[in-house]
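All values derive from a computational prediction rather than experimental measurement. Along the sequence shown, residues are numbered consecutively beginning with 1. We count ligands from 1, going down the list as the structure has it; atoms in each ligand are counted the same way.
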Amino acid sequence: MTNDNTTTSGLAFDIQLSDRRKTPQEREALLESPGFGQVFTDHMVSIRYTEGKGWHDAKLEPYGPLSLDPATSALHYAQEIFEGLKAYRHPDGSLASFRPEANAARFNRSAARMAMPELPEDLFLKSIELLLEHDGEWVPTKPDFSLYLRPFMISTDVGLGVNHPSRSYVYLLIASPVGSYFSGGIKPVTVWLSTDYTRAAPGGTGAAKFAGNYAASFLAQAQAVEKGCDQVVWLDAREHRWVEEMGGMNLWFVFGSGENARLRTPPLTGTLLPGITRESLLTLAPDLGIPAEEKPISTEEWRKAAESGELTEVFACGTAAVITPVGFVKSDEGEFTIGDGTPGPITMRLREELVGVQTGQRPDEHGWVTRFGK
Ligand SMILES: *Cc1c(COP(=O)(O)O)cnc(C)c1O
């Protein structure tokens, strides 16, 4: 263990290096085929919060188990929010991530919704910088591989009272080298339109990256798999008619083709998760001459437009898988195919452009790329 300090937001980070770091050979073996979220780097960052005292005890420390009292409030009342972003190795060897300040801002919007304290954005960004400084060798070099960063926060008060939110919290950052999110590469997914379950209702927590949203989704996802589908599509809570999102990704619809192609994505009604990939595509598509609008789409319109051929492609987007084509749709009312069921040209073009910016192979015209360290 060594100790030295580095300061942000008036807060000094204690650096406690692991004496059980993986050897370069062990690391290379793990990076060969890491799966998704199975392998973790040598260190993590933690910062504690206590009401009245604010954020304190910031450190980089060896990755390892947390010790929690069984009455810790997060385990009972689920005050837990998270983020997901990736670090990439650019062609010049430097490390970069994509719009991390947007993740920092969304983390704080999620915190506000769950009555949790906001983390100063510079601390969020500093935690990433520190982890990459010490675990940068874990950022894979292979194409389509990256280091997935998982910042999260849990409540840590001990006790079962539920009259008020916790008064203490811990923010943590862990990192996991990842290959391609959907094993088997880019192949269109089949989706199930869920009318039995609801992900988010007006006034609820759908716009927050809140752990409980996922807990509530697993049964619907299991049902989608039972119906022979890969992913669940969420519809609005009131009518089960308006398309919201797919699993943990936002959805896009391509109408027309070639020069006449135009894009549509459901608007942020408060029940959708405001994806950073979604928001980036709202800018990137028009840059490429493809108009993009936010406008509701119903399941009837989806089916009719697919059947008439006006709807040519559908894809989902999010940090983990970037862009994934949707080829087939099933519901209680039957099933239909999008185009010929293969990945469409607009989907693949947008994917290439976006991945190109993220990985440093395309110019970063919007200042979306933040470089870390060397
Ligand atoms: C994280 C997430 C997304 C995608 O957001 P990105 O910022 O693009 O990664 C979409 N839907 C849900 C439910 C999510 O949790």
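- Judged purely by atom type and a 3.5 angstrom limit, Asp236 uses its side chain to pair as donor or acceptor with the backbone of Trp242.
- Protein heavy atom nearest atom 9 (O) of ligand 1, with residue, atom name and distance: Thr319 OG1, 2.6 Å.
- Protein heavy atom at the shortest distance from atom 11 (N) of ligand 1 is Glu245 OE1, 2.5 Å.
- If you look at Phe36 and Tyr148, their ring centroids are closer than 6.0 Å.
- Taking the six-membered ring for Trp, Phe82 and Tyr214 have ring centres closer than 6.0 Å.
- Here the two rings, on Phe124 and Phe107, have centers that are under 6.0 Å apart.
- The closest approach between Glu83 and ligand 1 stays at or above 4.0 Å for every heavy atom of the residue.
- With hydrogens left out, the protein atom closest to atom 3 (C) of ligand 1 is Gly248 O, 3.2 Å, a heavy atom.
- Of the options Ile276, Leu85, Leu272, the smallest heavy-atom separation from atom 6 (P) of ligand 1 is shown by Ile276.
- When hydrogens are left out, the protein atom nearest atom 14 (C) of ligand 1 is Lys209 NZ, 3.0 Å; that is the closest non-hydrogen contact.
- Applying side-chain contact (heavy atoms from CB on, under 4.5 Å) to Ser97 and the options Val139, Leu85, Leu132 leaves one that passes, Leu85.
- Atoms of ligand 1 found under 4.0 Å from any heavy atom of Arg106 (numbered from 1 in listed order, with element): 5 (O), 6 (P), 7 (O).
- Ionic pairing of Arg362 and Glu353 is present here: one or more N-O contacts between side-chain nitrogen and carboxylate oxygen are shorter than 4.0 angstrom.
- Considering backbone and side-chain atoms together, Pro274 places no N or O closer than 3.5 Å to any N or O of ligand 1.
- In terms of protein heavy-atom proximity, atom 8 (O) of ligand 1 is closest to Thr277 OG1, 2.6 Å.
- Close approach of ligand 1 to Tyr214 (heavy-atom distance below 4.0 Å) involves ligand atoms 12 (C), 13 (C), 14 (C), 15 (O).
- For ligand 1, the atoms closer than 4.0 angstrom to any heavy atom of Arg199 are 13 (C).
- At least one donor-acceptor pair under 3.5 Å links the side chain of Asn103 to the backbone N or O of Gly84.
- Heavy-atom distances between Gly84 and ligand 1 stay at or above 4.0 Å for every pair.
- By the 4.0 Å N-to-carboxylate-O rule, Glu333 lies too far from Arg303 to be salt-bridged with it.
- The backbone N or O of Pro296 sits less than 3.5 Å from a side-chain atom of Arg264, completing a donor-acceptor pair.
- Of the protein's heavy atoms, Gly275 CA, 3.3 Å lies nearest to atom 5 (O) of ligand 1.
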